[in-house]
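Input: a single structure, listed below in structure tokens.
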Amino acid sequence: MPVRAIWRPPWYAWALLGLVGLGLTYKFFPSRLQGHWLIVTPVAILVGVLATRRLWELPPAVTMCVAIALSIFSGGWGQIGLSGIPLNRLFIVLALLQVFLRAPGTAHMPRVQIRNVHLLMCFTVMYVFASAATSGTLTSKASLLSLFDVFGIAPFLMFLVAPSVFSGQRERNLLLTTLVGIGIYLGITAIFEILGPHGLVVPSYITANDVIRPGVLRAGGPFQSPVANGFATFACSVAALMAFLQWRQQRKRYIALAAGTVSAFGCFLTLERGVWIAATAAIAVTALGTRTGRRWLVPGFLVCALAIGGALFMSSALAHKTSQRANAQESVWDRQNQTSAGLRMVADKPLLGVGWDRYEARGLDYFRQPADYPMTGYTSVVTIGTPAPILPLHNTYLAYAVELGLLGAVLWLASLGWAIGIAALGKGPSALRPWKLGLLAIAAFFLVVGLFDPHKQPFPMVLLMTWAGIALGSKPLSAHARNKNTSEWNNLGVSSIAT
């Protein structure tokens with residue numbers, strides 16, 4: 001007997017979903033219903049509907065793990081050839097629908113609990129909506145997607161449902177496995193992207209983007225952003241370390257160790273100084289939080305230094321690129337000019353800011369020629385006849401203070417800090433202690449790197465908030481619910497990963 005009522009949509013609801021998909025394709029992608037696509041597209045929609053129907057029966061943890069994995073390609077779906085269809089957002093929406101519409105996989109899942117921090121997050125999102133409405137960016141697709149993906153709607157919702165979705169050990173092991181797999185892919189891709197052979201980089205748009213990117217080649221991976229790639233590889237290395245310590249089968253522990261090694265090296269290959277500083281600070285903060293960590297902090301740094309030194313010694317090309325990046329002066333000037341312009345904007349409109357996603361339209365007016373270095377940082381290219389694209393502010397906190405004012409920036413930081421604080425420092429079962437320590441590491445990385453670089457990709461916030469929700473925990477399942485949950489996973493053919 002199920003613990004809570006569930007809902008299975010009737011067959012005609014899935015048929016209607018397929019017709020809606022076909023209609024949206026005709027409206028937004030009419031070329032996909034011409035020529036040979038007239039057959040391929042309906043078949044693809046049919047397969048998608050059948051896959052969605054199957055996913056609806058599975059625990060929401062499966063859908064959320066797929067959504068997190070696909071988030072690494074956010075912004076690149078058009079380059080892959082999917083006409084810009086945001087698969088990661090679709091899976092996030094599907095996972096949320098599974099939870100709130102009570103799909104079969106939620107029958108024995110703890111109920112979602114509303115806490116005061118969720119109310120603050122809701123108020124923060126409403127504030128940003130008001131800012132976008134008053135500044136005229138509410139109708140902008142890019143502004144809305146940034147609000148949904150990066151600022152907080154999707155991440156805050158993931159934080160809300162994650163304690164219930166990942167309340168069981170099997171669900172948490174599934175996420176660990178997902179992150180180990182992502183870490184192997186991102187680490188190997190970073191190695192091929194920087195050291196070659198470039199022909200092995202998949203998808204190919206990664207190397208195509210590297211060709212047009214100015215400056216020293218850095219490992220941006222599928223994110224096309226060294227900062228997001230640095231966060232992802234660091235977070236995956238943390239997950240790999242947790243998997244290595246928790247998993248029992250020797251072969252799987254070797255896989256976790258390999259994933260941690262290549263993802264950590266991939267983090268270094270981003271050649272982003274902000275990423276290096278954030279990784280060092282995160283390791284130090286986490287190690288100081290435990291007795292064992294304090295004992296191994298210095299030896300660990302020595303091992304990392306020797307490993308990196310050995311890699312630089314063996315590869316003169318990598319050593320040259322690292323030296324170039326470490327000594328690059330123009331990016332320092334960029335940040336100095338951007339910070340000065342941003343502070344002028346905050347001084348001009350301190351309380352409410354210039355409006356959500358309005359920095360690029362207003363920022364150039366606040367740049368001034370410094371006395372002792374060039375005025376750079378407002379654009380990365382020179383165009384003829386058209387305005388040059390404005391670079392984003394390379395400081396997440398200053399960027400939010402500029403656009404949302406000090407009030408909006410404080411609301412966002414309070415929401416983030418409150419969520420991380422109660423998750424990492426709150427009491428919970430011993431099974432969640434590794435997740436709390438892991439949260440401390442990736443949160444420290446996220447907060448430090450935000451001082452040097454903008455967060456423009458959805459993956460960092462989505463993973464951080466999901467991880468925080470897991471570390472926060474939920475009310476334990478009853479014995480009957482645990483037994484039923486185990487039976488459901490076994491019926492789906494999913495065995496325990498940790499054994």
By ring-ring contact (aromatic ring centres under 6.0 Å, His included), which residues pair with His394, not counting sequence neighbours?
-> none
side-chain hydrogen bond (donor to acceptor under 3.5 Å, both in side chains) partners of Thr189, counting only residues at least two apart = none
Report, one line per pair, each donor and acceptor closer than 3.5 Å where one atom sits in a side chain of residues 407-432; sequence neighbours left out.
residue : atom : partner : partner atom : Å
Trp412  : NE1  : Phe151  : O            : 3.3
Ser415  : OG   : Thr124  : OG1          : 3.1
Ser415  : OG   : Leu411  : O            : 2.9

Could you pull out every donor-acceptor pair under 3.5 Å between side chains of residues 440-460 and any protein atom, sequence neighbours left out?
residue : atom : partner : partner atom : Å
Asp453  : OD1  : Arg335  : NH2          : 2.7
His455  : NE2  : Phe446  : O            : 3.3
Gln457  : NE2  : Phe223  : O            : 3.2

Hits for side chain to side chain contact (heavy atoms under 4.5 Å, CB included) against Ala69, two or more places apart or cross-chain, chain-then-number order -> Thr178, Ile182
Just jot down the salt bridge (charged side-chain N to carboxylate O under 4.0 Å, His left out) partners of Arg8, sequence neighbours excluded, or say none.
-> Glu57
Using atom types as modelled, flag every donor-acceptor pair under 3.5 Å from a side chain in residues 342-358 to any protein atom, sequence neighbours excluded.
residue : atom : partner : partner atom : Å
Arg344  : NH1  : Tyr366  : O            : 2.8
Asp348  : OD2  : Tyr366  : OH           : 2.5
Trp356  : NE1  : Ser143  : O            : 3.2
Asp357  : OD2  : Ser143  : OG           : 2.5

If you look only at pairs with a residue in residues 393-406, which of them pass as a salt bridge (charged side-chain N to carboxylate O under 4.0 Å, His left out), with sequence neighbours excluded?
-> none
Residue set satisfying side-chain hydrogen bond (donor to acceptor under 3.5 Å, both in side chains) with Thr137, at least two apart, ordered chain then number -> Ser135
Where at least one partner belongs to residues 142-157, residue pairs that pass salt bridge (charged side-chain N to carboxylate O under 4.0 Å, His left out), sequence neighbours excluded | Arg89-Asp149
What residues form a side-chain hydrogen bond (donor to acceptor under 3.5 Å, both in side chains) with Ser74, not counting sequence neighbours?
-> none
Can you name the ring-ring contact (aromatic ring centres under 6.0 Å, His included) partners of Phe166, sequence neighbours left out?
-> none
